[in-house]
Amino acid sequence: MRLKLCLIGLATVLSWASIGLCAEEAVVLTPKPGPAPRINGARIFGVRQGSPFLFAIPATGERPMTFAAEGLPEGLKVDPKTGRITGRIERRGEYSLILKASNRLGTAAKTLKIVCGDTLALTPHMGWNSWYVWENRVSDKIMRDAAEAMVATGMIDHGYQYVNIDDCWAVKPGSNDPALQGEPRDERGMINSNKRFPDMKALTDYIHSKGLKAGIYTSPGPTTCAGHVGAWEHEDQDVSRFIEWGFDFLKYDWCSYENVAGGKGLAELQKPYRLVSRILARQPRDMVLNLCQYGMGRVWEWGREVGGNSWRTAGDLGGSFEGIPAALFRDGFDVYAANDLQRYGGPGAWNDPDYLLLGWLSDWKGGTARTPLTPNEQYSHVSLWCLLAAPLIFSGDITRLDEFTLSLLTNDEVIDVDQDPLGRPGRRVAKKGDLEVWARDLEDGSKAVGLFNRGEADAEVEAVWSELGVSGPRIVRDLWRQKDLGVFRDKYKALVPRHGVVLVRLRPSKT
Ligand code: GAL
């Protein structure tokens, strides 16, 4: 592997970046899931009264496997073969279930709390989005292949749920591509999909038939960022259309709203989001709402209040392909720390620093290229997102996942940090030059801690108990390797590679 990367680096001899890459091996740290059953993913799930319910019990382990759920509220049932819980809950309240997954090696059990009320997204969303690999080439087939891949790669068994179409599914006025031409709306004013999406209802049925959920995108303005038809002055109709098509998630992207907003005051920034969330609240189906307006007007301060289940905290992380590593540190680490974003995220409403830019991405020249993030930057990317309680939405090519990329996406102990039911986002607790320590409180009283090195050379990073707000001996567990490292009394230090991370969890120890 090292040799191969070096050869690529020397053959292209593009820059120091490509030569730097040749020194760094893509080492898989995540252990392969064992054959015994393990139930993964969220431990708390929100739904509204009377909405169609779908929760697929995510479990790794040898198949065949059978599933059960004890304590199901009235109106829900579990399919013992697929582990899908479906139905409708008619009574608001909290229900505590015991999920079970069994195979020839034994049974795993885990509690799941279902909260039937007004709040969705009680943990950050997990899924895939088409934008960063397919951009304006997205089609029905691409979405179906993505759903299939989410199952075939096993991502679904680790809690990934949403398969989301980004921009470019609607008609594009003025386009010279026949597939994008046509009537933007039907005679009733309902929005049409373009010819690449011949039957949206059949597509979401297909995605749901895999135990997954489907997402769609539009803009409150007349057109989307890529110039396709948006929802301006048709908001009610478009939401009805998405509901009739069977979507479960809406990304609402500001874009051309700029031209009709009448200013950039707070009221104007909030208006389209207030409007759409009011419309969504009336629907007979749950749709998670993602606000995409790049952090304008300190959206984190009001994103929850206007009905967002998440809000983008900055511009596009992959706006420039070569710029992704710099954007990771700027928009991932610094925007968050400078604004104390941990104060705003929580169950039902999350800070969204954009998608996981791993694996094969669009090169914006009509082709694809491997992420420009080095292997250690990729570990930093996923680790930080989990510490921040950010949505884990992968946006590389899900049909071309190499072992390393899949290992980054499917480490259950790392995902457990992201999906922790307490839902308290982490924060930067120490910064000494390029060395940073980030920490997140978890429901069981333990702490997830990331030791990051943003410098250009390997360095020792220290997590000091007093800075973390803990005292006494702690068992330190390496989450990527899923291995206990020992008991430490007042600090833990590790050698961290250039732009890399060591992610640990600290539990009180009796010794
Ligand atoms: C941008 C948005 C991206 C993507 C793109 C589609 O405004 O931030 O995530 O959705 O539009 O055109």
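Counting convention: from 1, in listed order, for ligands and their atoms alike. Because the structure is a prediction, the values reported are computed rather than measured. Numbering of residues begins at 1 and proceeds along the displayed sequence.
Listed by atom number, the atoms of ligand 1 under 4.0 Å from Y294 heavy atoms are 7 (O), 8 (O). Those atoms of ligand 1 with a heavy atom of C292 less than 4.0 angstrom away are 2 (C), 8 (O). Residue contact check: D167 has heavy atoms under 4.0 Å from atoms 6 (C), 12 (O) of ligand 1. Close contacts of ligand 1 with A226, meaning ligand atoms under 4.0 Å from a residue heavy atom, involve 12 (O).
Taking the charged nitrogens against the carboxylate oxygens, E258 and K264 do have a contact shorter than 4.0 Å, which makes a salt bridge.
Nearest protein heavy-atom neighbour of atom 9 (O) of ligand 1: K251 NZ, 2.8 Å. Scanning all protein heavy atoms for the shortest distance to atom 4 (C) of ligand 1 gives D166 OD1, 3.3 Å. Nearest non-hydrogen protein atom to atom 8 (O) of ligand 1 is D316 OD1, 2.6 Å.
Aromatic ring orientation, Y162 versus H125: perpendicular (interplanar angle above 60°, classes split at 30° and 60°).
Note that CZ of R48 is 6.5 Å distant from CG of L120, once rounded to the nearest 0.5 Å.
Looking only at atom types and distance, the side chain of N339 has a donor-acceptor partner in the side chain of R298 under 3.5 Å away.
Closest heavy-atom approach to atom 5 (C) of ligand 1 among the candidates Y355, W131, W254, Y132: W131. Nearest to atom 1 (C) of ligand 1 by heavy atom, out of D354, N136, D352, D253, is D253.
In this structure the side chain of Y294 reaches within 4.5 angstrom of the side chain of W254, judged on heavy atoms.
For H228, there are no ring-ring contact (aromatic ring centres under 6.0 Å, His included) partners at least two apart in sequence or on another chain.
Checked against the 6.0 Å centroid threshold, F404 and Y379 count as a close aromatic pair.
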